[in-house]
Amino acid sequence: APFGNPFQFEITFECLQQLDDDLEWRIVYVGSAESSSHDQVLDEVLVGPVPVGVNKFVLQADAPDAKLIPKGDILGVTVLLVTCSYRDQEFVRV
């Protein structure tokens with residue numbers, strides 16, 4: 001896919017007990033292995049209330065801004081992280 005295409009992930013997870021607060025899901029593009037200052041949060045969404053059982057949703061985000069990526073890293077290997085937090089505690093990082 002071209003660099004400028006948006007990202008789309010179908011997220012499926014199982015919740016074992018009722019949650020009092022929302023889950024915060026985030027997509028982060030790592031622009032450089034040298035410094036987290038080049039990371040770009042592409043999207044953040046709150047999901048809730050989350051019922052007990054299997055849950056599914058689609059997480060979408062626009063492509064990163066290439067102007068914010070260092071020139072030496074634009075063609076290098078990079079990472080796209082999908083994270084989930086509950087009450088400001090990250091517990092999933094893929």
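Here, residue 1 is the first one in the sequence, and each next residue gets the next number.
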Within-4.5 Å side-chain heavy-atom neighbours: Ile27 and Val41: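 No; the side chains remain at least 4.5 Å from each other.
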
Tell me every residue that passes side chain to side chain contact (heavy atoms under 4.5 Å, CB included) with [X], counting only those two or more places apart in sequence or in another chain.
X: Val79; result: Val30, Leu81
X: Ala66; result: Phe3, Ile74
X: Gln89; result: none

Which ILVMFWY residues can you reach from Leu46 by hopping between side chains whose heavy atoms are under 4.5 Å apart? none

Can you list every pair that meets salt bridge (Lys or Arg N to Asp or Glu O under 4.0 Å) and has a residue in residues 61-71, with sequence neighbours left out?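 Pairs touching residues 61-71 that pass the test: none.
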
Is Phe9 linked to Val94 within one hydrophobic cluster, defined over Ile, Leu, Val, Met, Phe, Trp and Tyr using a side-chain heavy-atom separation of less than 4.5 Å?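 Phe9 clusters together with Val94.
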
Transitively linked via ILVMFWY side-chain contacts under 4.5 Å: Val92 with Val47?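 Yes; tracing contacts between hydrophobic side chains, which count when under 4.5 Å, links both residues.
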
Taking only distance into account, with no hydrogens and no angle test, what donor-acceptor pairs under 3.5 Å do side-chain atoms of residues 10-23 form with protein atoms, sequence neighbours excluded?
residue: Asp20; atom: OD2; partner: Arg87; partner atom: NH2; Å: 3.4
residue: Asp21; atom: OD2; partner: Arg87; partner atom: NE; Å: 2.7
residue: Asp21; atom: OD2; partner: Arg87; partner atom: NH2; Å: 3.4

Ring pair (Phe, Tyr, Trp, His ring centres under 6.0 Å): pairs with one or both residues in residues 58-94, sequence neighbours excluded: none

Ring pair (Phe, Tyr, Trp, His ring centres under 6.0 Å) contacts touching residues 34-64 (sequence neighbours left out): Trp25-Phe57

Go through the steps for Gln40 and Leu68 under the test side chain to side chain contact (heavy atoms under 4.5 Å, CB included), then give the verdict. CA-CA 8 Å; Gln40 297 179 49; Leu68 301 177; 3.6 Å; yes

How close do [X] and [Y] get, heavy atom to heavy atom, and via which atoms?
X: Leu42; Y: Ala61; result: CB-CB, 3.7 Å
X: Pro70; Y: Ser32; result: CG-CB, 4.1 Å
X: Pro64; Y: Phe7; result: CD-CE1, 3.7 Å

If the condition is side chain to side chain donor-acceptor pair (under 3.5 Å), which residues does Glu90 pass it with, not counting sequence neighbours? Arg93

Applying side chain to side chain donor-acceptor pair (under 3.5 Å), name anything that partners Ser37, two or more places apart in sequence or on another chain. Ser35

Show, in sequence, the C-alpha distance, side-chain angles and deciding distance for Tyr29 and Asp39, and conclude whether the side chain to side chain contact (heavy atoms under 4.5 Å, CB included) test is met. CA-CA 6 Å; Tyr29 180 86; Asp39 291 359; over 6 Å; no

Tell me which pairs pass side-chain hydrogen bond (donor to acceptor under 3.5 Å, both in side chains) where either residue lies in residues 41-55, with sequence neighbours left out. Arg26-Glu44

